[in-house]
Amino acid sequence: MSAFFRACATVLLVLAASSWLLQARPPATLGDPPPAPTPEEVARLRKQGPIALGPTGPFSVNIASREEVRNFFNSVYAASENFSIGWTGDINACAPGTTDAGFRDLVVLRINWFRAMTGVPAGVVFDSLNNAKNQQAALIMSANNALSHFPPQTWSCWTQDGYDAAGKSNIALGNAGPDAITAYIEDFGGNNAAAGHRRWILYPQTQTMGTGDVPDTGANSAANATWVQDGHYFDPRPVTRDSFVSWPPPGFVPYQLVFPRWSLSYPNADFSAAAVTMTSNGVNVAVTKEALQGNIGENTLVWYPSDLDPSQPYEWPRPSANTSYAINVQNVTVSGSPRSFNYTVTVFDSQAPGPDTVLPAISGSDQPAVNQTNIYNFAAVTNATGYQWRLSQRSAFTAVEGAENGLTYFTTNTASDYDVIVTSPKASGSFAFHLAHTQPNDQVLTYTRVLLPGTNAQMQFKSRLGYAADGEVAKVQVSEDNGNSWQDVYTQTGNNSGPPIETTFNTRTISLSGFAGRSMTVRFRYDYVAGLSYYPQSDPGVGWYIDDISFSNTEELSNPVVTALPSGTNFNFIPAQIGDYALDVRAQVYGQYYLEWGPIKRVTAAVVLNPIVQFSGSPSVSGNQVQIDFDVTNYRANLVFQLLQASDVAGTWTTNSSASFQTLVANSMFRVTTPSGGASKMFYRLQVN
């Protein structure tokens with residue numbers, strides 16, 4: 001018996017006396033990939049439609065650009081996280097129901113994200129008929145807690161449509177929606193050496209798919225069926241970015257989506273004698289080739305670093321710096337001729353800005369004038385399709401959150417069978433927050449107040465991690481993009497050794513200096529790691545207790561007003577009253593997805609007298625140049641001068657774009673010079689903003 005199982009046996013023995021039992025939920029599983037359709041099946045599929053829904057896409061991304069991939073991941077991929085399935089079915093009644101249309105959009109969004117990363121056409125749409133059949137297939141898998149592309153009629157909730165869909169779909173148990181799509185790309189499991197699910201998701205010719213999804217329901221696991229075959233299977237191969245299709249693809253790839261199995265696909269390639277080498281920083285990475293398997297999309301070579309186990313789900317370690325892997329595949333035969341493939345994959349942390357990162361930093365007056373137009377400019381973001389600017393009020397933040405106000409400033413995404421606010425144990429006061437895994441799902445407590453940390457800002461809270469197993473991880477996370485993506489700033493993992501991790505509250509202090517000058521939200525997340533152990537109780541002493549949450553050197557941002565900027569890199573701020581404000585900007589990409597908010601511009605609006613401009617003396621004309629001196633009373637920083645001209649006082653006035661301004665006396669006397677243009681007469685007017 002291994003040490004791990006000895007430890008587990010001890011835990012069960014000790015906890016049996018207290019009626020607390022350690023449990024492990026089976027990990028998510030994938031079925032075998034479906035085989036390729038026959039010509040007759042493709043002909044039937046071609047006649048079927050499509051009856052297209054969506055689309056969500058198409059997308060394209062330059063994966064040679066770290067920043068473009070970083071933004072693509074942090075906006076489009078992140079948009080399909082934290083989904084709400086909206087299922088209307090009932091397993092007990094064998095009713096497949098439906099899912100929210102918005103949820104289905106997130107599934108196809110995830111599909112097209114992966115296809116864009118690999119450089120194949122990324123405009124897949126869903127067929128409503130496929131969706132309906134897939135919904136029945138997912139119900140069959142969930143109702144029976146089993147997977148089969150050919151489910152027997154003896155299975156619960158069997159239908160002919162569900163059976164038909166199962167044979168044309170990737171199927172998963174323990175995953176639903178966008179998470180299932182990522183699982184198909186990972187393609188873990190001893191039965192998935194061919195990475196067949198991945199090959200179907202990334203098959204270049206495919207234009208129409210479908211999805212069916214059922215969430216966890218009591219003892220029945222979540223399930224997904226994704227229709228992956230359509231009437232275009234035998235179409236000519238479309239243009240792809242690279243001649244081959246690989247995962248991970250050449251270029252920059254977020255570390256979260258790098259998995260043990262690596263693959264390279266090429267149509268009609270013979271990989272039987274292929275040799276693959278993998279190096280990082282000149283150091284060889286030992287690899288193991290998987291057995292070849294045809295009749296699944298395009299011919300594919302699959303390998304994995306020999307020290308990894310592709311039979312289980314895996315999280316690639318977060319790199320502290322960009323890490324490149326050079327891939328060399330030789331001895332491939334295509335149409336009787338030898339071929340080789342060489343490319344480099346760079347694994348990176350998408351939460352870490354790179355040297356090519358540009359944030360929309362704002363420039364303008366620190367003291368805008370009340371009831372006057374104040375112009376602010378900001379840095380342009382590469383590939384932005386628009387912007388939003390946000391105005392918030394700033395105020396000192398001194399609150400201590402100890403659940404005394406209930407959930408007034410919190411939202412929860414937790415199981416409904418336990419209380420998030422408890423009276424015991426607690427660090428102080430009368431209440432504390434509590435997160436527990438009565439269900440094997442992540443438990444989330446989100447603080448809704450938007451904060452602005454300053455230099456040397458810190459977060460502090462009292463924490464008590466009681467009985468917690470190896471599959472339970474307490475995390476504090478920070479988001480700079482309104483919850484689209486989150487960064488871990490604190491983690492604590494349980495174990496299977498028996499006694500509680502902590503029996504008293506301990507003070508945790510987290511530096512927020514890395515977020516100084518950026519708006520942020522905070523959440524507490526009690527993760528469950530699929531396949532590992534957890535305590536399925538909410539009894540006192542089980543789970544994670546949180547109390548006395550506070551922040552130092554931090555302001556609160558309130559009453560936000562967001563304004564769209566479809567073009568340009570400037571905006572006008574007209575404060576209605578004096579006060580402290582925060583201004584920030586975020587870029588829109590791909591027409592509808594937003595990146596993180598840029599650095600905050602702290603301003604204090606004040607009553608400022610309007611500047612008064614007055615010509616001093618007569619204009620000086622020399623040759624074809626005109627010089628005009630002028631004085632400014634009530635000058636303030638960042639004033640913008642413009643020279644307007646007209647050939648007649650009552651005529652049309654236009655801005656003179658050739659005028660140049662210089663300072664004669666700081667903050668009071670200036671000169672404007674402009675070509676006369678040979679006109680016999682000209683009238684000039686000065687304008688200040």
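Just so it is clear, the model here is predicted, and its values are computed rather than measured.
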- Task: Among residues two or more places apart or on two chains, list those pairs meeting ring pair (Phe, Tyr, Trp, His ring centres under 6.0 Å) that have a residue in residues 499-520.
- Result: none

- Query: Is there a side chain to side chain contact (heavy atoms under 4.5 Å, CB included) between N441 and D216 once you walk through the steps?
  - Reply: CA-CA 9 Å; N441 301 307; D216 285 318; 3.4 Å; yes

- In terms of ring plane angle, is the pair F551 and Y447 parallel, tilted or perpendicular, where the classes change at 30° and 60°? parallel

- Task: Taking all non-hydrogen atoms of both residues into account, name the closest pair between A223 and A176 and its distance.
- Result: O-CB, 4.0 Å

- N405 and E401: side chain to side chain contact (heavy atoms under 4.5 Å, CB included), yes or no, with the steps? CA-CA 8 Å; N405 295 316; E401 301 289 357; 4.2 Å; yes

- Is the backbone N or O of N92 less than 3.5 Å from a side-chain atom of D90, with the two atoms forming a donor-acceptor pair by type? yes

- Message: Quick test of your reading of the model: are E596 and R70 salt-bridged, counting only N-O distances below 4.0 Å?
- Response: yes

- Task: For V107 and I181, run side chain to side chain contact (heavy atoms under 4.5 Å, CB included): C-alpha distance rounded to whole Å, both residues' side-chain angles, the deciding distance at 0.1 Å, then the answer.
- Result: CA-CA 7 Å; V107 181; I181 303 305; 3.9 Å; yes

- Item | E555/R394 ion pair, N-O < 4.0 Å | yes

- Item | Separation between CG of N495 and OG of S533, rounded to the nearest 0.5 Å | 10.5 Å

- Candidate list Y545, F431, F433, test side-chain contact (heavy atoms from CB on, under 4.5 Å), partner V422, passing option: Y545

- Note on the structure: Nearest heavy-atom contact between V258 and P248 is CG1-CG, 4.4 Å

- Note on the structure: Taken to the nearest 0.5 Å, the spacing of N570 CG from N377 CG works out to 5.0 Å

- Message: How about CD1 on I578, more than 12 heavy atoms from neighbouring residues, nucleotides or ligands closer than 6.0 Å, or not?
- Response: no

- V347 vs W316 side-chain heavy atoms within contact, under 4.5 Å: yes

- Item | Centroid-centroid under 6.0 Å between F571 and Y376 rings | yes

- Item | Q388 side, atom CD; L565 side, atom CG - distance, nearest 0.5 Å | 8.5 Å

- Query: Are any of the side-chain nitrogens in E480 or R586 under 4.0 Å away from the carboxylate oxygens of its partner?
  - Reply: no

- Query: Would R508 count as a cation-pi partner of F461, with NZ or CZ less than 6.0 Å from the six-membered ring centre and within 45° of the ring normal?
  - Reply: no

- Carefully, step by step, assess V125 and V108 under the rule side chain to side chain contact (heavy atoms under 4.5 Å, CB included). CA-CA 7 Å; V125 295; V108 73; 5.7 Å; no

- Query: Quick one: does D548's side chain have a donor or acceptor within less than 3.5 Å of a partner on K462's backbone?
  - Reply: no

- Message: To the nearest 0.5 Å, what is the distance between CE on M117 and CG on N112?
- Response: 13.5 Å

- Message: I'd like to know if D366 and R602 make a salt bridge, using a cut-off of under 4.0 Å between side-chain N and carboxylate O.
- Response: no

- Task: Cation-pi check, R318 to Y255: give yes when NZ or CZ is under 6.0 Å from the six-membered ring centre and within 45° of the ring axis, no otherwise.
- Result: no

- Query: Just checking, R525 and W486: is the charged tip under 6.0 Å from the six-membered ring centre and within 45° of the axis?
  - Reply: no

- Name the orientation class of the two ring planes belonging to Y418 and H434 (parallel below 30°, tilted from 30 to 60°, perpendicular beyond 60°). perpendicular

- Message: Both conditions, 6.0 Å and 45 degrees, for the charged tip of R518 above the ring of W597: are they met here?
- Response: no

- Under a 4.5 Å cut-off applied to non-hydrogen side-chain atoms, are R523 and S479 in contact? no

- Item | Aromatic plane relationship, F73 with Y77 - under 30° parallel, 30 to 60° tilted, over 60° perpendicular | parallel

- To the nearest 0.5 Å, what is the distance between CG (L583) and NZ (K601)? 8.5 Å

- Item | Nearest heavy-atom neighbours spanning S365 and P368 | OG-N, 3.8 Å

- Message: For A369, is there any backbone N or O sitting under 3.5 Å from a side-chain donor or acceptor partner on N371?
- Response: no

